[in-house]
Amino acid sequence: MNVEAAGGWKSSETVLEEKAYAKINLSLDILSRREDGYHDLRMVMQSVTLCDTLEMSRADGILFSCDKAELPAGPGNTVYRVAELFCREAGVPGVKIHLKKRIPSQAGLGGGSADAAAALRGMNRLYGTDLPEKELRRLGQFVGADVPFCVRNGLCLAEGTGELLTPLEKLPACRILICKPEIGISTGEAFRRADVEGRPHNHYTERVLEALSSGSLSAFGKALGNDFQTVMQIPEVETIREHMLEAGAYGAVMTGSGSAVFGIFPSEGEKASLCAAELKRQFEETFLCEPIYP
């Protein structure tokens, strides 16, 4: 496979493709602010079929490009940083990476973390280094709190800053509609607001875990919740949520620090497709997805 990337490099080598799957927060509880400035969280996280794609080949040094010119191409990019880290830890010379973006930025969908996780998995395959998943997750936490989850994917209870993962059983069959308004939210600003205004202490995660054990998609939808949604109070988020609920979603909530909203719809019927078509008229970044597992 020959590739010419947006940054101008060419390769006649075999190019490996790795998918970087977005994540959603089915629950998010902000527990406390730590002395190191990070926050202890308790979350249930799910990976979905919305994804970026990384094209990778062996190289001397780190060569990175992206089809979104506004993204940083050097050490300011999580993919670049994690590639440097992998090279040092695994003793490999470098990598060429071209990133094809589809996951919206500043959405709470973990796009940067998913890309870094895919880079770790891809380089591990590319060089046959056979580092275990646990080691890839350890490396990933140095560049982003959501990277360890995105290395694994699936459905997990995440604790600490997000690095402590407990795999959970699969969701009941469903479709997931994601819609991001034009407004974007900085994660740092969202945490600052939570510290200033106080944490809501809604205990959403316990409710979601109980609903998952029931096997009822309806109960699960009603249990969804996110402390950041309470803290941020974004009008566009409420507009999208109400639209999804009126269209037949079992539940709808903001993901991560925002601003994307997702709704849980039945796997049968046209409710999710019809709602997606309606929202797409107003919000370009609207995606109909399904849960995905390792």
Quiz item: Side chain of T255, backbone of G108: donor and acceptor closer than 3.5 Å?
Solution: yes
Practice problem: Apply the test side chain to side chain contact (heavy atoms under 4.5 Å, CB included) to residues E238 and Q229: give CA-CA distance (whole Å), side-chain angles for both, the deciding distance (0.1 Å), then the verdict. | Solution: CA-CA 9 Å; E238 292 307 314; Q229 181 179 296; 3.8 Å; yes
Quiz item: Distance-only, no hydrogens or angles: does the D60 side chain make a donor-acceptor pair with backbone N or O of G94 under 3.5 Å?
Solution: no
Quiz item: Knowing that exactly one of V79, L131, V147 qualifies, which makes a side chain to side chain contact (heavy atoms under 4.5 Å, CB included) with L120?
Solution: V147
Self-check item: Closest non-hydrogen atom pair between D115 and A20, with its separation
Solution: OD1-CB, 3.4 Å
Quiz item: So do E70 and S105 actually touch side chain to side chain, heavy atoms under 4.5 Å?
Solution: no
Practice problem: Check whether Y38 and F149 end up in the same hydrophobic cluster, where Ile, Leu, Val, Met, Phe, Trp and Tyr are linked by side-chain heavy atoms less than 4.5 Å apart. | Solution: no
Quiz item: Are side-chain N/O atoms of S273 and R175 paired as donor and acceptor at under 3.5 Å?
Solution: yes
Self-check item: Salt-bridge criterion met for R207 and E210 (N-O under 4.0 Å)
Solution: no
Quiz prompt | Closest non-hydrogen atom pair, I30 against L41 | solution = CA-CD2, 3.9 Å
Quiz item: Roughly how far apart are L165 CG and R137 CZ, rounded to 0.5 Å?
Solution: 5.5 Å
Practice problem: Could you tell me whether the side chain of S259 reaches within less than 4.5 Å of the side chain of K180, counting heavy atoms only? | Solution: yes
Quiz prompt | Atom pair NZ/CG of K19 and N153 - distance to nearest 0.5 Å | solution = 13.0 Å
Quiz item: Side chains of V196 and R192: does their closest heavy-atom pair fall under 4.5 Å?
Solution: yes
Exercise. Take R138 and E89, measure what side chain to side chain contact (heavy atoms under 4.5 Å, CB included) needs, and give me the verdict at the end.
Key: CA-CA 11 Å; R138 184 189 72 81; E89 293 287 323; 3.4 Å; yes
Quiz prompt | H98 to S65 - nearest heavy-atom pair and separation | solution = ND1-OG, 2.9 Å
Self-check item: Sidechain-backbone polar pair: S47 side chain, G154 backbone, donor-acceptor under 3.5 Å
Solution: yes
Quiz prompt | Heavy atoms from other residues, nucleotides or ligands near CD of E182 exceed 12 (cutoff 6.0 Å) | solution = no
Quiz item: Got a second to check how far Y250's OH is from C174's SG, nearest 0.5 Å?
Solution: 10.0 Å
Quiz item: Does atom NZ of K68 have more than 12 heavy-atom neighbours, drawn from other residues, nucleotides or ligands, at distances under 6.0 Å?
Solution: no
Quiz item: Taking all atoms of both residues into account, what is the closest heavy-atom pair of C275 and L177, and its distance?
Solution: SG-CD2, 3.6 Å
Quiz item: Is any side-chain heavy atom of Y80 less than 4.5 Å from a side-chain heavy atom of I97?
Solution: no
Exercise. Would you indicate whether the side-chain heavy atoms of I185 and Q106 approach each other to under 4.5 Å?
Key: no
Exercise. Rounded to the nearest 0.5 Å, what's the gap from NE2 on H243 to CD on E278? Could you check?
Key: 4.0 Å
Self-check item: Any F228 side-chain heavy atom under 4.5 Å of I234 side chain
Solution: no
Quiz item: What heavy-atom pair brings I62 and C87 nearest, and what distance separates the two atoms?
Solution: CD1-SG, 3.8 Å
Quiz item: Which class fits the ring pair F191 and H39: parallel under 30°, tilted 30 to 60°, perpendicular over 60°?
Solution: parallel
Self-check item: Pairwise distance OG(S32) to CG(D195) - rounded to 0.5 angstrom
Solution: 10.0 Å
Self-check item: In one Ile/Leu/Val/Met/Phe/Trp/Tyr side-chain cluster, 4.5 Å: M244, F287
Solution: no
Quiz item: Salt bridge or not for K101 and D67, using N-O below 4.0 Å?
Solution: no
Self-check item: Backbone of L31 reached by a side-chain donor or acceptor of D40 within 3.5 Å
Solution: no
Exercise. Answer yes or no: does atom CD of E169 have more than 12 heavy-atom neighbours from other residues, nucleotides or ligands under 6.0 Å?
Key: no
Quiz item: Stepwise, does the side chain to side chain contact (heavy atoms under 4.5 Å, CB included) test hold for V48 with Y21?
Solution: CA-CA 6 Å; V48 296; Y21 295 103; over 6 Å; no
Quiz item: Are side-chain heavy atoms of T286 and I178 found at a separation under 4.5 Å?
Solution: no
Exercise. Taking all heavy atoms of S216 and all of A219, pick out the closest pair and write down the distance.
Key: OG-N, 3.1 Å
Quiz item: Is it true that R81 and E84 have a side-chain N and a carboxylate O under 4.0 angstrom from each other?
Solution: no
Quiz item: Is it the case that one hydrophobic cluster holds both V208 and F262, taking links as side-chain heavy atoms less than 4.5 Å apart, direct or via other members?
Solution: yes
Quiz item: Per the side chain to side chain contact (heavy atoms under 4.5 Å, CB included) rule, which among N25, D29, V44 passes with Y204?
Solution: D29
Quiz item: Got more than 12 heavy atoms from elsewhere within 6.0 Å of CD, E133?
Solution: yes
Exercise. Could you tell me whether the side chain of R58 and the main chain of L126 form a donor-acceptor pair under 3.5 Å?
Key: yes
Quiz prompt | Sub-4.5 Å side-chain heavy-atom contact between P93 and Y127 | solution = yes
Self-check item: hydrophobic_cluster_shared for L26 and L209, side chain cutoff 4.5 Å
Solution: yes
Quiz item: In terms of hydrophobic clustering (I, L, V, M, F, W, Y; side-chain heavy atoms under 4.5 Å; direct or indirect links), are M45 and L28 co-clustered?
Solution: yes
Quiz item: What's the spacing between D146 CG and M43 CE if we round to 0.5 Å?
Solution: 6.0 Å
Quiz item: Is a side-chain donor or acceptor of T49 paired with a backbone partner of C289 at a separation under 3.5 angstrom?
Solution: no
